[in-house]
Asks: 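My questions will all concern the structure given below.
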Amino acid sequence: MSNNDRRNWQVFLAALLLTGGISLLWLVSTPMSDDDIRVPTRHTAQLAFALYILVLVARPLQQLLRKDWTAALLRTRRLIGVAFAAVMTTHLGLIAYRFGTQPELEYPLFSLLFGGTAYALFYLMLITSFDGPKKALGPKKWKFLHRTGLVWAALIFGLPRSLEDLSDPEYLKFGIPFLIALLIRFAAWQRSRRRSS
Ligand code: HEM
């Protein structure tokens with residue numbers, strides 16, 4: 001096993017055990033009502049979002065700032081992505097537990113399909129973060145897959161569902177960091193365009 005693959009496994013298992021363990025400790029310390037299950041479900045989504053933003057800005061920040069910390073962030077980007085997949089796995093585990101213990105719960109089919117597709121993309125991204133599958137896929141398809149996954153996640157994390165969302169703090173806690181990340185990416189893109197022309 002290569003060093004990259006070993007690090008991937010270490011980070012995936014550490015992030016899974018940490019978020020899964022904390023969620024479990026929280027759950028057993030509560031009456032495990034629906035609200036209690038939704039607390040770690042929301043927190044895992046929030047943590048995954050923070051990791052997602054880091055992945056999104058790693059390269060543009062390095063292009064814009066060229067500091068030691070931005071170079072380190074870019075070098076760590078793959079492992080941040082792996083940690084993201086682990087945290088989203090805990091999110092999935094909590095969702096499965098919630099539906100398993102409350103079979104009467106209903107969830108809109110469209111959201112289930114959209115979220116399910118996101119998970120399919122995240123796990124393909126995770127698998128192709130390992131050396132062998134990455135090589136087998138080839139650089140063009142790898143880039144396409146990872147871009148598609150990032151855009152799909154953006155639709156869930158960053159897109160307002162209605163105009164009212166634009167003044168709702170529950171949306172803005174995702175919307176504002178997402179907008180800042182997009183502006184950083186845009187600034188880096190502008191600079192590379194100016195340089196190449
Ligand atoms: C079919 C798959 C999914 C289901 C059934 C699901 C279900 C849930 C549930 C039950 C909550 C808690 C909601 C509440 O407390 O009212 C939640 C929160 C959340 N989930 Fe998921 N989820 C899915 C997939 C995803 C994916 C793929 C993402 C991101 C790419 C995501 C991002 C979020 C976010 C951003 C929150 C809100 C966190 C907050 O309000 O602070 N979910 N999800």
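Counting convention: from 1, in listed order, for ligands and their atoms alike.
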Asks: Please check if the number of heavy atoms outside Phe114 that lie under 6.0 Å from its CZ is greater than 12.
Replies: yes
Asks: Do Phe84 and Phe122 make the cut of ring centroids closer than 6.0 angstrom?
Replies: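 They qualify: ring centres under 6.0 Å apart.
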Asks: For Arg98 and Arg38, indicate whether the former's side chain and the latter's backbone hold a donor-acceptor pair under 3.5 Å.
Replies: no
Asks: Which residue and atom name correspond to the protein heavy atom nearest atom 27 (C) of ligand 1, and how close is it?
Replies: Ala118 CB, 3.5 Å
Asks: Return the residue, atom name and 0.1 Å-rounded distance of the protein heavy atom closest to atom 10 (C) of ligand 1.
Replies: Arg98 NH1, 3.1 Å
Asks: Given Arg42, Glu170, Gln46, identify the one with the heavy atom nearest to atom 41 (O) of ligand 1.
Replies: Gln46
Asks: Give the numbers and elements of all ligand 1 atoms closer than 4.0 Å to a heavy atom of Phe174.
Replies: 35 (C), 38 (C), 39 (C), 41 (O)
Asks: Might you confirm whether atom CZ of Arg161 has over 12 heavy atoms from other residues, nucleotides or ligands at distances under 6.0 Å?
Replies: yes
Asks: Flag Tyr119 as yes when one of its N or O atoms lies below 3.5 Å from any N or O atom of ligand 1, and as no otherwise.
Replies: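 By distance alone, the answer is no.
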Asks: If you count the atoms of ligand 1 from 1 in the order shown, which ones are under 4.0 Å from a heavy atom of Arg38?
Replies: 14 (C), 15 (O), 16 (O)
Asks: Under a heavy-atom criterion of less than 4.0 Å, does Trp152 contact ligand 1?
Replies: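 For ligand 1, residue contact (heavy atoms, under 4.0 Å) with Trp152 is absent.
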Asks: Provide, to 0.1 Å, the distance between atom 26 (C) of ligand 1 and the closest protein heavy atom, together with that atom's residue and name.
Replies: Met88 CE, 3.4 Å
Asks: Please enumerate all residues that pass salt bridge (charged side-chain N to carboxylate O under 4.0 Å, His left out) together with Arg59, with sequence neighbours excluded.
Replies: none
Asks: Heavy-atom count around Leu155 CG within 6.0 Å, excluding the residue itself: above 12?
Replies: yes
Asks: Using 2.8 Å as the cut-off, note every protein N, O or S atom close to atom 21 (Fe) of ligand 1.
Replies: His91 NE2
Asks: Taking atom types as modelled and ignoring hydrogens, do the side chains of Asp131 and Ser2 form a donor-acceptor contact shorter than 3.5 angstrom?
Replies: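 Yes, side-chain donor-acceptor contact under 3.5 Å.
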Asks: Sort and list the pairs that fulfil side-chain hydrogen bond (donor to acceptor under 3.5 Å, both in side chains) and have at least one residue in residues 135-146, not counting sequence neighbours.
Replies: Thr128-His146, Trp142-His146
Asks: Below 6.0 angstrom between ring centroids: does that apply to Phe178 and Phe157?
Replies: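 Phe178 vs Phe157: aromatic centres not under 6.0 Å.
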Asks: Distance to the ring centre below 6.0 angstrom and angle to the axis at most 45 degrees; does that hold for Arg7 and Trp9?
Replies: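 No, a cation-pi geometry is absent between Arg7 and Trp9.
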Asks: Is the closest heavy-atom distance from His43 to ligand 1 below 4.0 Å?
Replies: no
Asks: Report the nearest protein non-hydrogen atom to atom 7 (C) of ligand 1: residue, atom name, distance rounded to 0.1 Å.
Replies: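 Heavy-atom neighbour on the protein nearest atom 7 (C) of ligand 1: Tyr107 OH, 3.4 Å.
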Asks: Would you check whether Phe114 reaches within less than 4.0 Å of ligand 1, judged by its heavy atoms?
Replies: no
Asks: Which ligand 1 atoms does Phe122 reach within 4.0 Å, using its non-hydrogen atoms?
Replies: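 The list of qualifying atoms is 27 (C), 30 (C).
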Asks: I'd like to know whether CG of Asp68 has more than 12 heavy-atom contacts from other residues, nucleotides or ligands below 6.0 angstrom.
Replies: no
Asks: Once side-chain hydrogen bond (donor to acceptor under 3.5 Å, both in side chains) is applied, what residue pairs with a partner in residues 106-122 remain, sequence neighbours excluded?
Replies: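 Counting only pairs at least two positions apart or across chains, no side-chain hydrogen bond (donor to acceptor under 3.5 Å, both in side chains) contact touches residues 106-122.
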